[in-house]
Chemist: 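Take this structure, written in structure tokens, and hold onto it; I'll ask about it next.
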Amino acid sequence: QVHLVESGGGSVQAGGSLRLSCAASEYTDSTYYMGWFRQAPGKEREGVAHIASSGGTHYADSVKGRFIISKDNAKNTLYLQMNSLKPDDTAMYYCAAAPAYGRVWYAPSAASEYTHWGQGTQVTVSS
């Protein structure tokens, strides 16, 4: 059972940057795909960025060119570098993971495809 703990959220002005971290309790390099999701009040949870066990990545159109997802396999940690932040990026951000079962290029954006979730970290962007 993988446990995920996010950190790095906070308040920032529009145009600023934040880096979120997600520490996994066990080795997730070659056996899990992982992702970042966000949920704003009154809205559904949406996929933001996702990384396959092979390292392949996928981004939501709303964050392409601004956000970068990456993994440090030695530290079992997933990151989300967020640049050029906008007020619309304000949300609770969640880290998620699921066993890849050999699908090394699989990096789905649907929340239903993930089985392990962190508790979330709040990101607030002011104008």
Side-chain angles (χ1 to χ4, degrees):
Q1 185 80 357
V2 175
H3 294 283
L4 305 172
V5 179
E6 303 97 333
S7 61
S11 297
V12 65
Q13 288 190 327
S17 298
L18 284 173
R19 188 176 80 156
L20 305 184
S21 299
C22 172
S25 61
E26 63 182 63
Y27 185 67
T28 57
D29 178 21
S30 61
T31 58
Y32 283 78
Y33 55 82
M34 302 184 75
W36 289 97
F37 292 79
R38 66 186 180 187
Q39 188 167 18
K43 294 187 177 182
E44 292 187 356
R45 189 169 297 189
E46 63 171 348
V48 174
H50 313 276
I51 187 164
S53 59
S54 63
T57 57
H58 174 270
Y59 295 91
D61 288 343
S62 59
V63 306
K64 278 181 182 176
R66 301 189 298 124
F67 290 11
I68 301 172
I69 187 171
S70 63
K71 287 192 304 181
D72 185 332
N73 296 324
K75 296 181 179 179
N76 288 342
T77 301
L78 179 74
Y79 299 101
L80 184 67
Q81 177 67 44
M82 305 187 295
N83 301 318
S84 302
L85 282 161
K86 305 175 181 179
D88 284 349
D89 295 319
T90 295
M92 185 71 79
Y93 282 71
Y94 298 91
C95 170
Y101 297 124
R103 297 170 295 178
V104 298
W105 294 105
Y106 195 54
S109 58
S112 59
E113 296 285 341
Y114 292 79
T115 54
H116 300 78
W117 292 85
Q119 83 289 350
T121 186
Q122 178 68 36
V123 172
T124 302
V125 184
S126 58
S127 58

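The figures here come from the full heavy-atom set of this structure, side chains too, leaving out hydrogens, waters and symmetry mates.
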Chemist: Does some side-chain heavy atom of Leu85 sit less than 4.5 Å from a side-chain heavy atom of Phe67?
Modeler: yes
Chemist: Return the OH to OH distance between Tyr101 and Tyr32, rounded to the nearest 0.5 Å.
Modeler: 7.5 Å
Chemist: When rounded to the nearest 0.5 angstrom, what is the spacing between CD in Gln39 and CD in Glu44?
Modeler: 8.5 Å
Chemist: Looking at CG of Leu80 and OH of Tyr59, how far apart are the two atoms once the value is rounded to the nearest 0.5 Å?
Modeler: 8.0 Å
Chemist: Please collect all disulfide (SG to SG under 2.5 Å) contacts where either partner lies in residues 33-74, sequence neighbours excluded, each pair once.
Modeler: none
Chemist: Which side-chain N or O atoms in residues 3-16 pair as donor and acceptor under 3.5 Å with protein atoms at least two apart or in another chain?
Modeler:
unit_1: Glu6; atom_1: OE1; unit_2: Gln119; atom_2: N; d: 3.0
unit_1: Glu6; atom_1: OE1; unit_2: Gln119; atom_2: NE2; d: 3.4
unit_1: Glu6; atom_1: OE1; unit_2: Gly120; atom_2: N; d: 2.9
unit_1: Glu6; atom_1: OE2; unit_2: Cys95; atom_2: N; d: 2.8
unit_1: Glu6; atom_1: OE2; unit_2: Gly120; atom_2: N; d: 3.2

Chemist: Nearest 0.5 Å please: distance from the NE2 atom of His58 over to the OH atom of Tyr33.
Modeler: 13.5 Å
Chemist: Under a 4.5 Å cut-off applied to non-hydrogen side-chain atoms, are Arg38 and Thr90 in contact?
Modeler: no
Chemist: Which pair of heavy atoms, one from Met34 and one from Cys22, lies closest together, and at what distance?
Modeler: CE-SG, 4.5 Å
Chemist: Going by the rule ring-ring contact (aromatic ring centres under 6.0 Å, His included), which residues pair with Phe37 if we only count those two or more places apart in sequence or in a different chain?
Modeler: His50, Tyr114, Trp117
Chemist: Check whether Tyr79 forms a cation-pi arrangement with Arg19 (NZ or CZ under 6.0 Å from the six-membered ring centre, at most 45° off the ring normal).
Modeler: yes
Chemist: So which atom in Ser84 and which in Ser17 form the shortest heavy-atom distance, rounded to 0.1 Å?
Modeler: N-OG, 4.3 Å
Chemist: State plainly whether the residues Asp89 and Lys86 are in salt-bridge range, i.e. N to O under 4.0 Å.
Modeler: no
Chemist: Is the backbone of Val2 close enough, under 3.5 Å, to the side chain of Ser25 for a donor and an acceptor to pair up by distance?
Modeler: no
Chemist: Looking only at non-hydrogen atoms, find the nearest pair between Ala107 and Ala52 and report the distance.
Modeler: CB-N, 3.7 Å
Chemist: To the nearest 0.5 Å, how far apart are CG in Leu18 and OG1 in Thr124?
Modeler: 9.5 Å
Chemist: Hey, could you give me the CE/CD1 distance between Met82 and Ile68, rounded to the nearest 0.5 Å?
Modeler: 12.0 Å
Chemist: Considering all heavy atoms of both residues, which atom of Ser53 and which atom of Val104 are nearest to each other, and what is their separation?
Modeler: OG-CA, 3.2 Å
